[in-house]
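Here is the structure we will look at, set down as structure tokens.
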Amino acid sequence: LRDTKRSSQSDPSIEIRIHGSKQSTDVGSLNWYYKTSNFAPKGTIVLIENLRTFLSSEEIFPNAEIAIRYDGIISDEIINVVQQLEGTIVIAPDYDPVGILSYHRLLSKIKNRTELFVPRDIEKMFESYSNKSLMAKNKNKSTLKSLLNKDLDDPAGYIVSLIQKYNAGLEQETLHD
């Protein structure tokens with residue numbers, strides 16, 4: 001496995017999983033994959049930050065046609081590629097300021113087709129599993145300040161309110177507990 005702390009902005013390796021075929025592919029360029037494979041999804045595309053969630057994507061997102069894994073702040077490359085595709089784009093980030101920033105960036109480019117995946121019991125998950133150390137990171141602190149000055153939609157605003165209430169973030173690993 002590659003270093004998950006390396007920035008996806010500078011590391012062009014992108015992992016994709018095509019649902020229904022059990023195919024998981026690590027490609028150097030998502031554009032290259034679509035041009036050489038003759039595969040263009042028209043259904044739901046889910047963008048996933050966590051490797052474990054990505055590997056379980058068919059179970060967690062059974063209606064998605066394809067899953068794409070990213071790390072940290074979603075890369076411009078991924079945004080540009082999914083912007084050209086048809087279908088709904090669902091983003092499943094960590095529920096911390098950086099994850100919400102990724103959703104906001106994606107939504108600002110692809111407004112009518114982007115959705116934030118919010119588990120129905122997310123507040124209970126924050127109560128039980130949130131991680132205060134995430135908010136101790138300077139990057140999350142400054143990103144939260146930045147988010148508070150943006151015009152967030154209701155799902156993002158709700159997650160930001162939970163982050164503030166619990167002074168913590170929630171990592172996707174909690175979806176598996």
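Model, not experiment: these values are computed from the prediction.
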Stepwise, does the side-chain contact (heavy atoms from CB on, under 4.5 Å) test hold for Tyr129 with Leu170?
CA-CA 7 Å; Tyr129 304 110; Leu170 183 69; 3.9 Å; yes
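In this structure, Ser146 contributes its side chain and Ser142 its backbone to no donor-acceptor pair below 3.5 Å. A side-chain donor-acceptor contact under 3.5 Å links Gln83 to the backbone of Lys109. In this structure, the side chain of Ser102 engages the main chain of Ile74 through a donor-acceptor pair within 3.5 Å. Arg113 places no side-chain N or O within 3.5 Å of a backbone atom of Ile89 that could act as its donor or acceptor partner. With hydrogens and angles ignored, the 3.5 Å screen pairs no side-chain donor or acceptor of Ser56 with any backbone N or O of Glu59. A distance-only check finds a donor-acceptor pair linking the side chain of Glu49 to the backbone of Asp94 [under 3.5 Å].
Two residues are said to be in side-chain contact when any heavy atoms from C-beta on lie closer than 4.5 Å; Glu77 and Asn80 fail this criterion. Between Ile163 and Met135 there is a side-chain heavy-atom pair separated by less than 4.5 Å. For the pair Phe54 and Ile68, the minimum side-chain heavy-atom distance is 4.5 Å or more. Considering only heavy atoms from C-beta on, Val160 comes within 4.5 Å of Leu152 through its side chain. Annotation: side chain of Arg52 is not in contact with side chain of Glu173 (no heavy-atom distance under 4.5 Å). The side-chain heavy atoms of Ile100 and Leu116, taken from C-beta on, include a pair separated by under 4.5 Å. Using a 4.5 Å cut-off on side-chain heavy atoms (C-beta onward), Lys137 and Leu134 make contact. Between Val82 and Leu106 there is a side-chain heavy-atom pair separated by less than 4.5 Å.
Lys165 and Glu123 are joined by a salt bridge, as a carboxylate oxygen and a charged side-chain nitrogen come within less than 4.0 angstrom of each other. Comment: Arg105 engages Asp76 in a salt bridge, judged by a side-chain N to carboxylate O separation of less than 4.0 angstrom.
No more than 12 heavy atoms of other residues, nucleotides or ligands shown are found within 6.0 angstrom of NZ on Lys145. More than 12 non-hydrogen atoms from other residues, nucleotides or ligands lie less than 6.0 angstrom from CG of Asp121.
Here CD1 of Ile48 is found 9.0 Å from CZ of Phe117. Values are rounded to the nearest 0.5 Å. Here the CG atom belonging to Leu148 is positioned 5.0 Å from the CD atom belonging to Gln164, to the nearest 0.5 angstrom. For the atom pair CG of Asn140 and CG of Leu147, the computed distance is 9.5 Å after rounding to the nearest 0.5 Å. A distance of 8.5 Å separates OG1 in Thr88 from CD1 in Ile45, rounded to the nearest 0.5 Å. In this structure, Arg120 CZ and Met125 CE are separated by 10.0 Å, a value rounded to the nearest 0.5 Å. Interatomic distance, CG of Asp153 versus OH of Tyr103, reported as 3.5 Å (0.5 Å rounding).
The two residues Tyr95 and Phe126 come nearest to each other via the heavy atoms O-CZ, 3.6 Å.
Side-chain atoms of Glu171 and Asn50 form no donor-acceptor pair, as typed in the model, at a separation below 3.5 Å.
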